[in-house]
Amino acid sequence: MDADRRLTKALEAASDALQHLSMSRDFGALDCTHIDRLLGRVVDLPTEGNQRNSRRNLLVIRQWMITEGPGVVLLEVLGQLYWRLGELNSKQFEKFKQALQQREPYNSLIHNADVVALVLQRVRFIQRSKANACQDFLCELSDITGTQVDSPMAEMDTLRATSSSPFTPQSVNSQDSNSSQESSFASLIKYVPSDSIRCGDIEQTLIDFYINGICPGRSVATQSNSYLSLLQVADACLSTRYALLSLAASYICEYFPAQKDTYHHAELYYSTQALKALAAQISKGHDYAGALATSMLLMHHGALNQGDATLCWSCHANILDAIPPAFIDHQSDPALFIRTQLVLARTAQSSLNLQHTQHHSFETMHWLEGASPTDASHICATLGLSPQLLFFISSITSLATNPNRLNKLMYAQLQETQIQNLKQWTSEPQGPETDVLLATAESFRLATLIYLRCRLYGFTRFHPSILELSDTLHTTLLSLPVKGPLYTAVYPIWPLFIAAVTANADKRDRLYQRVVPIREGDKNTLPAVLKRVSGLRVWLANRDPGCLRCDGWWEEMLSPCSSTSALGANLLCLG
């Protein structure tokens, strides 16, 4: 093909791509298969001698992205441009760029902020995919070598922090003198003050720690954070303020061994004061919204310290019985938080236990009525799933105690269809945080389907449909960050539990290996869950691989005799 013909074909490919891109206003809906493939090659340049031409072509595109802007890579959306450009020499390529620069659609593309954000998102996606692939390979090698495998997130964070690309978004830093420390914390707590307690200033220290250390670690979302919104409630509600201070003291004492007793005393004092203020609040019948916020924080505190508590952390759900129903906003974040913890915990109770449990009034009501389908499927940024999916999980547990098998199966099939068709969504802006939030919500949806089929249909983990769902859930969980800025309390503990009890021993061990940074990080509820699953290992290993369906096996699994790890009177916190 002569030179002019090659240049014409390259320009035609670019024109086709520009026309295709102009037809879609939502760049987030693009099929990025060809774009990702090219970006993956640009990021990871070939070095072998027989790939010299490929290397030159990729370097040309890489330099084009740096000089013109990252958006130029979207011209590969139809998968035609790269090989066309490979046919051009340097002079022809300069003519190609000059011709495009005369076209308004091209100039609009490369200056579009949404396009830049999309390309950066795809690069980060490739970054995580490569890291996860390496992690999986290392895990497989570790089975042979017996070596310890660490999470790749720390290295990824270092690379992100040291990137000098002009297209890397710069972090918005606080003017606080200690703000530079925030990036050094890769676990749930994102910031710890460098100084010890200043005399008489412990409350301010705890509030600053709550704002800068606890709140950023509660959600990956950038637009909404329930814990931050509680600060306004705490300004007007004394019980909420005390509960907030107690929670902060519970976390911060781990970082100052020399002052651990001081913070521990503060934790006990503020939690006691919170309960006293809450009781007075309820008896007087005022500020019920503040009472819900207080109970949410106390439940969080109780679940975090369940090993030291005489009462189950779930006792704080009693607030929804104490408040007159007309004054409860069941769609509020505190109410949804409390309900979620209890709904998920119920999935780890046998039907026999559930039948002998005194249920809260709100557990038997249709609390989702009145919510529009759009609002019901909106992902809660603090919990990682939508209210609609939570309702399905609660309904499955309720159906498990239904003695009428025909009705049970009929409703189960209806719910299964609804779960399969459920589209959860978020209003968060496009970016890596949104990717994590959507993947988290999807892990909950997959886990809910597994839970329904196992508990209501009696499918065992050897059933083909469970194997398929479990594989997908396993892959999704391995893709989620367990360390670094994108790791937060939204990490899906309940789906991990569902995956662990429905996977084979190898996959279960891989999940355990994956969450080592969480288990060894800041205080959280995961260790109790892993201990509970570990207690089931022998029982799980003795299941018959030839048995694809066994009614009641979920109930048998949850019975005390199946585990070497007893829960006692405590509920397993899976939120």
Side-chain angles (χ1 to χ4, degrees), residues 7 9-46 54-130 156 159-172 222 428-435:
L7 179 58
K9 286 295 182 182
L11 286 171
E12 286 177 355
S15 298
D16 290 344
L18 286 171
Q19 182 178 4
H20 178 76
L21 292 169
S22 68
M23 295 169 61
S24 175
R25 296 183 180 179
D26 180 12
F27 289 105
L30 283 178
D31 182 352
C32 294
T33 303
H34 297 296
I35 298 168
D36 287 354
R37 187 177 299 152
L38 179 57
L39 280 172
R41 299 180 68 187
V42 169
V43 169
D44 188 18
L45 292 172
S54 295
R55 179 176 174 82
R56 182 192 69 81
N57 296 340
L58 292 170
L59 280 172
V60 166
I61 293 178
R62 186 181 181 122
Q63 189 61 31
W64 187 23
M65 291 177 65
I66 292 173
T67 55
E68 292 279 288
V72 297
V73 79
L74 260 64
L75 294 177
E76 181 63 11
V77 68
L78 300 177
Q80 299 179 18
L81 189 65
Y82 171 66
W83 67 273
R84 291 291 185 189
L85 294 182
E87 297 177 337
L88 304 182
N89 59 35
S90 56
K91 290 184 179 180
Q92 292 165 345
F93 183 67
E94 288 303 317
K95 289 182 179 179
F96 171 80
K97 289 196 296 183
Q98 290 172 7
L100 283 182
Q101 289 165 357
Q102 304 303 315
R103 302 185 183 184
E104 180 57 32
Y106 171 79
N107 292 316
S108 298
L109 178 75
I110 62 175
H111 291 107
N112 189 314
D114 291 337
V115 168
V116 173
L118 174 62
V119 176
L120 296 177
Q121 175 201 353
R122 302 319 298 174
V123 172
R124 294 191 185 101
F125 170 77
I126 292 166
Q127 181 185 36
R128 292 195 300 274
S129 298
K130 289 179 181 293
M156 290 172 61
L159 288 172
R160 187 182 295 116
T162 56
S163 172
S164 58
S165 168
F167 303 113
T168 302
Q170 300 300 311
S171 299
V172 180
T222 58
E428 289 290 314
Q430 193 176 66
E433 295 84 3
T434 302
D435 290 344

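Atoms considered below: every heavy atom in the structure, side chains included; atoms not considered: hydrogens, waters and symmetry mates. Predicted model, so just to flag it, every value in this text is computed and none were measured.
Counting only heavy atoms from C-beta outward, the side chains of M65 and V119 approach each other to under 4.5 Å. Between R41 and Y82, some side-chain heavy-atom pair lies under the 4.5 Å cut-off. With contacts defined as side-chain heavy-atom distances shorter than 4.5 Å, the pair V42/V123 does not qualify. The closest side-chain heavy-atom distance from L74 to I110 is not below 4.5 Å.
Every residue was checked against the side-chain hydrogen bond (donor to acceptor under 3.5 Å, both in side chains) condition with E12, not counting sequence neighbours, and none meets it. For A13, the side-chain contact (heavy atoms from CB on, under 4.5 Å) partners at least two apart in sequence or on another chain are Q80, L81, R84. E433 meets the side-chain contact (heavy atoms from CB on, under 4.5 Å) test with V220, T222, L486; sequence neighbours excluded. Not counting sequence neighbours, the partners of F93 by the ring pair (Phe, Tyr, Trp, His ring centres under 6.0 Å) test are W64. Every residue meeting the salt bridge (Lys or Arg N to Asp or Glu O under 4.0 Å) condition with K97, not counting sequence neighbours, appears here in chain and number order: E94. Listed by chain and residue number, S108 satisfy the side-chain hydrogen bond (donor to acceptor under 3.5 Å, both in side chains) test with E104 (two or more places apart in sequence, or in another chain). Every residue meeting the side-chain contact (heavy atoms from CB on, under 4.5 Å) condition with R103, not counting sequence neighbours, appears here in chain and number order: L11, S15, L100, P105, Y106.
For the atom pair OG1 of T33 and CG of L78, the computed distance is 11.5 Å after rounding to the nearest 0.5 Å. Separating the CG atom in L39 from the CD atom in E76 is a distance of 9.5 Å, to the nearest 0.5 Å. To the nearest 0.5 Å, atoms CD1 (I61) and CG (L38) are separated by 4.5 Å. With values rounded to the nearest 0.5 angstrom, L85 atom CG is found 5.0 Å from F96 atom CZ.
Within the 3.5 Å criterion, the main-chain N or O of Q101 finds a donor-acceptor partner in the side chain of N107. Side chain of R122 to main chain of D36: no donor-acceptor pair is present (N/O by atom type, distance under 3.5 Å, no hydrogens or angles).
Of all non-hydrogen atoms in L88 and A10, the two that sit nearest each other are CD1-CB, 4.0 Å. Taking every heavy atom of both residues into account, V77 and I35 meet most closely at CA-CG1, 4.0 Å. Nearest heavy-atom pair, P70 versus V116, reported as atom, atom and distance to 0.1 Å: CG-CG1, 3.9 Å. Scanning all heavy atoms of the two residues, the minimum distance from L118 to C32 falls at CD1-SG, 4.5 Å.
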